[in-house]
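Excluded from the calculations below are hydrogen atoms, water molecules and symmetry mates; all remaining heavy atoms, backbone and side chain alike, are included. Computed from a prediction, not measured in an experiment: that's the story for all the values here. Chain identifiers are assigned alphabetically (A, B, ...) following the order of the sequence lines, protein sequences preceding nucleic acid strands; residue numbering begins at 1 within each chain.
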Number of protein chains: 2
Amino acid sequence: MLLSKSCVYGLRASIYLATKNNSEYIPIKKMSETIEISHHFLTKILQQLTAQGLLDSYKGPNGGVRLKKPASEITLMDVVLAIDGPDLLTECALGLPGCGHQNPCPLHDKWATTRDSIKQMLESSSLEYLVERGKSEDLRLTNEGGFEKLLNG
Amino acid sequence: MLLSKSCVYGLRASIYLATKNNSEYIPIKKMSETIEISHHFLTKILQQLTAQGLLDSYKGPNGGVRLKKPASEITLMDVVLAIDGPDLLTECALGLPGCGHQNPCPLHDKWATTRDSIKQMLESSSLEYLVERGKSEDLRLTNEGGFEKLLNG
DNA sequence: CTATTTTAGGACAAAAGACTCTCTAAAACC
DNA sequence: GGTTTTAGAGAGTCTTTTGTCCTAAAATAG
Ligand code: SF4
Ligand code: SF4
């Protein structure tokens with residue numbers, strides 16, 4: 001797997017938050033039901049995003065979480081780095097320590113190209129872009145429902 | 001991580017076997033010492049490759065394993081499929097079941113492109129190609145040593 | 001101040017992945 | 001036939017990932 005499950009959940013939640021008006025806090029409980037992720041587990045993941053400065057959180061009634069920056073300024077890369085860390089972008093395909101630069105393995109050139117393409121994809125996808133695509137084509141974020149359902153839910 | 005650790009070990013071992021004259025069997029014990037992977041664990045992994053028809057094995061003195069086909073006809077994709085299975089190439093970036101075709105998520109187009117680039121890399125790298133690159137530039141397959149050491153080991 | 005809603009955080013449990021150990025089976029050599 | 005060399009197969013252990021649960025702390029409303 002390219003991304004850990006926690007990371008995938010974090011991405012789904014981030015995209016969902018980006019569909020919302022950013023002036024109000026969204027309770028994690030409600031969000032977890034909408035995007036079909038266990039409440040407690042999602043809470044843990046969002047705690048990481050909050051700690052990394054991607055989300056604002058607020059306790060108490062009318063509390064919840066929201067994006068700390070506009071959706072146009074948050075990329076998938078930000079979320080992946082916050083949850084899975086930089087390993088995906090620095091680690092060796094053959095798992096040899098101290099890699100790439102001085103003494104590469106035979107796979108290095110090809111792998112470095114592929115790694116760049118992954119990096120490129122993550123950096124070039126802002127939450128705003130994904131929400132717009134989702135809205136315009138009614139794509140889905142859950143097993144069943146499309147975007148319309150999310151926006152009105 | 002893109003590939004499981006077992007898969008990475010399998011790749012290292014396959015590349016190593018491709019450096020050898022394919023007429024003799026290489027004992028796993030010796031190989032495990034050369035490429036610095038636990039003997040028993042490597043045995044398990046190579047059993048899978050044997051079961052999948054990528055390796056020949058032979059018991060008893062002068063036994064061991066060797067590639068079943070010429071190194072030019074085995075790609076990294078073959079090894080990855082044998083050990084990690086096809087998940088990497090079929091699975092969703094957002095982990096939604098029943099994916100891609102009829103009802104994609106907003107990430108699908110970009111992800112499909114990246115996935116193709118991974119697929120392309122794995123399919124276009126034959127063991128022979130890697131060994132040639134390794135030989136000509138004395139690249140490494142272990143933490144320390146380069147190819148010269150492997151060939152003469 | 002008290003009860004309620006909501007995040008924060010830690011302890012715990014289950015499952016998967018990574019690795020070890022031991023015994024068995026086959027082949028070769030003497 | 002007996003011993004050695006090798007792969008095969010299974011059970012068992014350790015670690016990481018995934019997921020649950022419970023309590024505390026903050027905020028709000030009455
Ligand atoms: S040399 Fe490059 S491709 Fe090879 S293991 Fe290191 S980073 Fe990966
Ligand atoms: S629609 Fe495409 S990108 Fe999205 S989860 Fe499915 S396969 Fe992955």
Please report the distance, rounded to the nearest Å, between [atom1] in [X] and [atom2] in [N].
X: Asp84(B); N: dG17(C); atom1: CG; atom2: C1'; answer: 11 Å
X: Leu42(B); N: dT20(C); atom1: CG; atom2: C1'; answer: 14 Å
X: Ile26(B); N: dT5(D); atom1: CD1; atom2: C1'; answer: 15 Å
X: Met1(B); N: dA18(C); atom1: CE; atom2: P; answer: 7 Å
X: Ile28(B); N: dT5(D); atom1: CD1; atom2: C1'; answer: 13 Å
X: Leu46(A); N: dG9(C); atom1: CG; atom2: C1'; answer: 14 Å
X: Glu33(B); N: dT6(D); atom1: CD; atom2: C1'; answer: 14 Å

Look at [X] and [N] and indicate whether a side-chain polar atom (N or O) is within less than 4.0 Å of OP1 or OP2.
X: Ser6(A); N: dT18(D); answer: yes
X: Lys29(B); N: dT5(D); answer: no
X: Ser57(A); N: dA8(C); answer: yes
X: Ser38(B); N: dT20(C); answer: yes
X: Tyr9(A); N: dG19(D); answer: yes
X: Lys5(B); N: dC19(C); answer: yes

Practice prompt. For the residue pair Phe147(B) and Leu141(B), establish whether any side-chain heavy-atom pair is separated by less than 4.5 Å.
Written response: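 Yes - at least one pair of side-chain heavy atoms lies under 4.5 Å apart.
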
Practice prompt. Taking only Lys NZ, Arg NE, NH1 and NH2, and the carboxylate oxygens of Asp or Glu, determine whether Glu33(A) and Lys29(A) approach each other closer than 4.0 Å.
Written response: yes

Look for any protein N or O under 3.5 Å of an N or O in nucleotides 27-30 of chain C and output each such pair with its distance, or none.
residue, atom, partner, partner atom, Å
dA27(C), O3', Tyr58(B), OH, 3.4
dA28(C), OP1, Tyr58(B), OH, 3.2

Worksheet item: Should we count CD of Glu24(B) as having more than 12 external heavy atoms under 6.0 Å?
Response: yes

Discussion item. Whether the Thr50(B) and Ser57(B) side chains hold a donor-acceptor pair (N or O, under 3.5 Å, no angle test) is what I'd like checked.
Written reply: no

Item to complete: Tell me, please, whether Tyr129(A) has Lys110(B) positioned over its six-membered ring: NZ or CZ under 6.0 Å from the ring centre and within 45 degrees of its axis?
Response: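 Yes - Lys110(B) lies over the ring of Tyr129(A), closer than 6.0 Å to its centre and within 45° of its axis.
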
Worksheet item: Between Ala18(B) and Ala71(B), what is the shortest heavy-atom contact and its length?
Response: CB-CB, 3.8 Å

Worksheet entry | Heavy-atom donor-acceptor pair, Arg66(B) side chain to Leu17(B) backbone, under 3.5 Å |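 Side chain of Arg66(B) to backbone of Leu17(B), a donor-acceptor pair under 3.5 Å: no, none is there.
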
Worksheet entry | Selection from dA7(D), dA8(C), dT6(C) that lies nearest to any side-chain heavy atom of Pro27(A) | dT6(C)

Worksheet item: Counting side-chain heavy atoms from CB outward, which of dT20(C), dA8(C), dG8(D) is closest to Thr50(B)?
Response: dG8(D)

